[in-house]
There are 2 protein chains.
Amino acid sequence: MTELVVKPVTRRRREIVAAARDLVELEGADALTMRRLAERLGIRAPSLYKHVPDKAALEAAVIATGLEDIAAVLEAAVNEASEPLVAVAAAYRAFALSQPHLYRLINDRPLPREHLPPGLEDRAAAPLLRAVQNQTRARAVWAFAHGMIMLELAQRFPAGADLDAGWREGIAALLGHARSAAT
Amino acid sequence: MTELVVKPVTRRRREIVAAARDLVELEGADALTMRRLAERLGIRAPSLYKHVPDKAALEAAVIATGLEDIAAVLEAAVNEASEPLVAVAAAYRAFALSQPHLYRLINDRPLPREHLPPGLEDRAAAPLLRAVQNQTRARAVWAFAHGMIMLELAQRFPAGADLDAGWREGIAALLGHARSAAT
DNA sequence: GTCTATAGTGGGATAGAC
DNA sequence: GTCTATCCCACTATAGAC
């Protein structure tokens, strides 16, 4: 009569996923191995398989928690600003730079969509869409932000580059274009 | 009396680097291992070490050839267009999508700058800078293009998304902003 | 310039005992 | 829920013979 037969999300499982996320953020996605994770939890790697079916499911669970946080952060930003686009962009940038390894894990490979809570991807995308009122524009803004973040994280900009100026330039351009398109 | 003592770039070495680049492009950067590369060349992995000091040098050599090609492609584009920015963006996009794994290898981690020919990084960046006449704007455009490319390669856009429209939107915005700033 | 042999490291995952 | 023992895999790199 248990309700969840296939995937009982127990407290222990949540602890494991939280530790996995910590590991990713502290040492990068490559450091997330069953052995290293077990070590962090003070157990042996094979024990993890009593709680998680395999490594892919573990990664998907970590990604889901990250997407939830992104959605929450952007929802808060879009609701408290006279310039929603500027606020959403700033919040997105702040999240990515505060948890860069998690950001990369989420965004630089295909999402494990079949293992994600339904609607979560859309929830994370909604605030920006609301800020710019247009899907195509939302995608252009997302691409600009993602590009700035990834190039900064990959240290592809020259050493002294003024990245704040780059952000202002891009957001101003996309905002200005939105304004003129609306008239 | 040989001129190059440390790094004799022999014909055999060039063949190896070319095979490495093929391997990257066919199966991704992770597939570039000494064993797989040797297999492709019909030899054994340890033999490679007679021609290349280690794997890092091999990767750097592959990256250098890719950067040369990017520079060449963008130089050609900027010289043959009435709208240099549009032409450079299109050429950059085309290069990335035609060799996606090489593009990622070059752009999603720090460049091995100490193993690259001097000036090569700048040469690859020059055409875009020439097209927009301003470093900050050039970086914003680069970020937009890089973001569009990386999100497409990572399959992060929704299935039916009109990416051409996204490109037009972003480039038009950044171009328009450049025009109004110039007046 | 290529080979064999090998060292050393690290990974995912399973079986079966407790 | 955790353990030990284990399998099988793959990787970079070196030594030394030919």
Side-chain angles (χ1 to χ4, degrees), chain A residues 2-63 101 104-105 108-110 112 114-115, chain B residues 2 4-63 101 104-105 109-110 112 114-115:
Chain A
T2 52
E3 290 163 21
L4 291 169
V5 183
V6 178
K7 261 190 171 185
V9 179
T10 60
R11 193 170 73 256
R12 188 55 170 148
R13 187 180 197 269
R14 274 190 296 273
E15 290 170 0
I16 289 171
V17 172
R21 178 168 161 165
D22 290 348
L23 189 53
V24 166
E25 198 37 55
L26 286 170
E27 309 188 37
D30 287 350
L32 177 53
T33 72
M34 301 307 271
R35 284 147 140 90
R36 305 268 283 106
L37 174 57
E39 186 187 4
R40 244 186 115 68
L41 289 159
I43 62 176
R44 304 289 175 174
S47 306
L48 293 169
Y49 290 87
K50 296 290 185 184
H51 305 95
V52 171
D54 54 26
K55 200 195 163 185
L58 186 63
E59 273 188 8
V62 170
I63 288 168
H101 291 118
R104 286 188 85 123
L105 177 64
D108 84 347
R109 67 203 74 192
E114 65 289 2
H115 294 114
Chain B
T2 53
L4 290 169
V5 183
V6 179
K7 263 190 171 186
V9 179
T10 60
R11 193 170 71 255
R12 189 56 169 149
R13 186 180 197 272
R14 273 191 296 273
E15 290 170 359
I16 288 171
V17 172
R21 179 168 161 164
D22 291 347
L23 189 53
V24 165
E25 199 37 56
L26 287 172
E27 310 188 36
D30 288 349
L32 177 53
T33 70
M34 302 307 270
R35 287 170 206 249
R36 307 269 283 103
L37 175 57
E39 187 187 5
R40 243 186 115 69
L41 289 160
I43 62 176
R44 305 289 176 175
S47 306
L48 294 168
Y49 291 86
K50 296 290 186 186
H51 306 95
V52 170
D54 54 27
K55 200 195 161 184
L58 186 62
E59 273 188 10
V62 170
I63 288 168
H101 291 118
R104 286 188 84 123
L105 177 64
R109 68 203 72 192
E114 65 289 0
H115 294 114

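These numbers were taken from a predicted model, which means no experiment stands behind them.
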Touch check for K50(B), heavy atoms < 4.0 angstrom, all strands: base, sugar-phosphate only, or nothing?
base

DNA chain C contacts made by residues 26-41 of chain B, counting heavy atoms under 4.0 Å:
none

Kindly indicate whether the side chain of E59(A), heavy atoms from C-beta on, has any atom under 4.5 Å from the side chain of V24(A).
no

With a strict under 4.0 Å distance from non-hydrogen atoms of chain A, what nucleotide opens and what nucleotide closes the contacted stretch of DNA chain D, reading 5' to 3'?
dG1(D) to dA5(D)

Can you name the residues that form a side chain to side chain contact (heavy atoms under 4.5 Å, CB included) with A61(B), not counting sequence neighbours?
R13(B), V17(B)

Determine, stepwise, if the pair R40(A) / L26(A) fulfils side-chain contact (heavy atoms from CB on, under 4.5 Å).
CA-CA 12 Å; R40(A) 244 186 115 68; L26(A) 286 170; 3.7 Å; yes

For residues L58(B) and M34(B), determine if any side-chain heavy atom of one lies less than 4.5 Å from a side-chain heavy atom of the other.
yes

Say you draw a straight line from NZ of K55(A) to CG of L37(A); how long is it, rounded to the nearest 0.5 Å?
10.0 Å

For residues 14-35 of chain B, which residue pairs qualify under side-chain hydrogen bond (donor to acceptor under 3.5 Å, both in side chains), counting only residues two or more places apart or in two chains?
R12(B)-E15(B), R21(B)-T65(B), R21(B)-D69(B), R21(B)-Q99(B), E27(B)-R36(B)

Tell me every residue that passes side chain to side chain donor-acceptor pair (under 3.5 Å) with R109(B), counting only those two or more places apart in sequence or in another chain.
none

Strictly by side-chain hydrogen bond (donor to acceptor under 3.5 Å, both in side chains), give each pair with a member in residues 43-52 of chain A just once, sequence neighbours left out.
none

